[in-house]
Amino acid sequence: MIYKSTWIRVERTREQHTLDLHMGVPWETVTLTAFGRNKHVYTNILEEARHLALKQHEGKTIMYTALGSEWRPFGHPRKRRPIESVVLDCGVSERILNDCNEFISNPSWYIERGIPYRRGYLLYGPPGCGKSSYITALAGKLEFGICVLNLSERGLSDDRLNHLLSVAPQQSIILLEDIDAAFVSREDTQHQKVAYEGLNRVTFSGLLNCLDGVASTEARIVFMTTNYLERLDPALIRPGRVDLKEYIGWCSPYQIENMYLKFYKGDGANEAAKEFSKKVVEFKRNVSPAQIQGYFMFHKKSTAGEVIDNTEMIWEL
Ligand SMILES: Nc1ncnc2c1ncn2[C@@H]1O[C@H](COP(=O)(O)OP(=O)(O)OP(=O)(O)O)[C@@H](O)[C@H]1O
């Protein structure tokens with residue numbers, strides 16, 4: 001039996017036993033290795049705990065972080081963010097979600113053709129436009145956890161990365177954020193890259209090998225994000241490593257309107273949203289959804305008229 005990715009702690013105080021169980025691995029493995037001779041004693045406790053943990057994490061997204069050679073849940077499981085609450089440009093969210101669903105529901109297509117059952121995504125664009133928020137919401141929608149890896153971390157060697165990727169909890173997205181910070185184009189700064197090699201950091205070629213090796217019978221989804229697409233080495237984002245690239249950029253008029261409608265409802269909201277969007281666009285300045293969100297939060301108690309009439313404040317907050 002494969003247990004759903006979650007983490008629980010069972011304490012059996014009478015005999016001073018504490019069991020930390022990582023429930024992202026096959027259930028029998030956990031039971032046998034953790035309990036040995038006492039297996040029968042713990043089986044009931046575990047069954048109960050398993051049930052409890054499932055209930056507890058219903059509707060939540062578990063974030064994992066790498067600790068040594070293992071993945072550990074990080075913070076409390078987060079309440080799922082509705083995917084609709086992240087307002088991307090027309091059709092972008094649907095494209096990514098459909099692609100993921102198509103991938104998850106079609107393992108045989110890959111197996112029959114001898115193609116590794118994995119899919120890579122790259123979201124790129126300026127800060128505050130929703131890359132991280134979208135991936136978190138998407139994970140919730142797919143009922144996946146998220147394994148966050150910081151490739152710039154010292155001590156993360158190629159071997160450790162490889163190991164981590166191969167033991168990542170099932171039903172989880174691997175998230176490599178700000179991928180440009182760890183690697184820059186080989187053509188541009190060859191000398192920098194060489195300087196880092198051997199310092200117990202992930203090497204660029206090591207990362208490529210790890211990405212190519214990420215395959216399992218379970219769907220393996222890797223998301224990468226960057227603010228600077230142009231700084232990435234083409235080898236990192238070639239098909240097979242990154243299968244779908246999406247620009248998550250400054251707000252379009254469509255997004256501004258929809259951001260407004262997420263915050264303000266009621267009679268006349270549609271017209272007001274159009275008016276608000278028109279006003280913002282007139283400034284001919286880039287605006288991120290994070291800026292719009294900040295502006296709406298500032299105007300939590302304002303009237304629709306005040307929100308529309310003070311748009312220049314968006315860039316001042
Ligand atoms: N498209 C969006 N729709 C709704 N809210 C958004 C959107 N983009 C950003 N936000 C809000 O702005 C804040 C920052 O967003 P987020 O961290 O997802 O941006 P990002 O693109 O990942 O930024 P960075 O590149 O700096 O990591 C969050 O609170 C989020 O709710």
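All values reported here derive from a predicted model rather than from experimental measurement. Every number for a ligand or one of its atoms is a count from 1 in the order of the listing.
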Inset, instruction - List every atom of ligand 1 that sits less than 4.0 Å from any heavy atom of Val86, numbering the atoms from 1 in the order shown and giving each element. - result: 1 (N), 2 (C), 3 (N), 4 (C)
Legend entry - Student check: side-chain heavy atoms of Asn101 and Leu142 closer than 4.5 Å: yes
Legend entry - Which segment of Asn227 sits under 4.0 Å of ligand 1 when only heavy atoms are counted: side chain
Legend entry - Considering all heavy atoms, the nearest Leu149-Leu161 contact: CD1-CD1, 3.3 Å
Inset, instruction - Under 4.0 Å, heavy atoms only, figure out whether ligand 1 is touched by the backbone of Lys131, its side chain, both or neither. - result: both
Inset, instruction - Step through it carefully: locate the ring centre of Phe223, locate the ring centre of Phe144, and say whether they are under 6.0 Å apart. - result: no
Inset, instruction - Among all protein heavy atoms, pick the one closest to atom 23 (O) of ligand 1 and tell me residue, atom and distance. - result: Gly128 N, 2.9 Å
Legend entry - Nearest neighbour of atom 4 (C) of ligand 1 from the list Ser288, Ser85, Gly125, on a heavy-atom basis: Ser85
Legend entry - Greater than 12 external heavy atoms within 6.0 Å of Lys278's NZ: no
Inset, instruction - Please determine if Ser133 has a nitrogen or oxygen closer than 3.5 Å to a nitrogen or oxygen of ligand 1. - result: yes
Legend entry - For the student: nearest non-hydrogen atoms of Glu312 and Phe283, plus distance: CB-CZ, 3.6 Å
Legend entry - Interfacing atoms of ligand 1 (cut-off 4.0 Å, heavy-atom, Leu88): 1 (N)
Legend entry - Ring centroid separation Tyr124 to Tyr228 under 6.0 Å: no
Inset, instruction - Look only at interatomic distance and state if Pro127 has a nitrogen or oxygen under 3.5 Å from any nitrogen or oxygen of ligand 1. - result: no
Legend entry - Close N or O approach (Asp178, ligand 1; < 3.5 Å): no
Legend entry - Protein heavy atom at shortest distance from atom 19 (O) of ligand 1: Gly130 N, 3.3 Å
Inset, instruction - Ignoring hydrogens, just give me the one of Ala290, Ser93, Ser132, Gly249 whose non-hydrogen atom is nearest atom 14 (C) of ligand 1. - result: Ala290
Inset, instruction - Spell out, as yes or no, whether a donor-acceptor pair under 3.5 Å connects the side chain of Trp71 to the backbone of Leu165. - result: no
Legend entry - Met259 touching ligand 1 at heavy-atom level, < 4.0 angstrom: yes
Legend entry - Whether Asp243 side chain and Gly120 backbone form a donor-acceptor pair below 3.5 Å: yes
Inset, instruction - Tell me which protein heavy atom sits closest to atom 1 (N) of ligand 1, plus the residue, atom name and distance to 0.1 Å. - result: Val87 O, 2.8 Å
Inset, instruction - For atom 2 (C) of ligand 1, find the nearest protein heavy atom and state the residue, atom name and distance (0.1 Å precision). - result: Pro289 CB, 3.4 Å
Legend entry - Top protein contact for atom 29 (O) of ligand 1, by heavy-atom distance: Gln293 NE2, 3.1 Å
Legend entry - For atom 5 (N) of ligand 1, the option (of Lys262, Arg81, Gln255, Met297) bearing the nearest heavy atom: Arg81
Inset, instruction - Using modelled atom types only, decide if a donor and an acceptor are shared between the side chain of Asp158 and the backbone of Thr203 within a distance under 3.5 Å. - result: yes
Inset, instruction - Say whether, by atom type as modelled, one donor and one acceptor occur between the side chain of Arg160 and the main chain of Gly68 under 3.5 angstrom. - result: yes
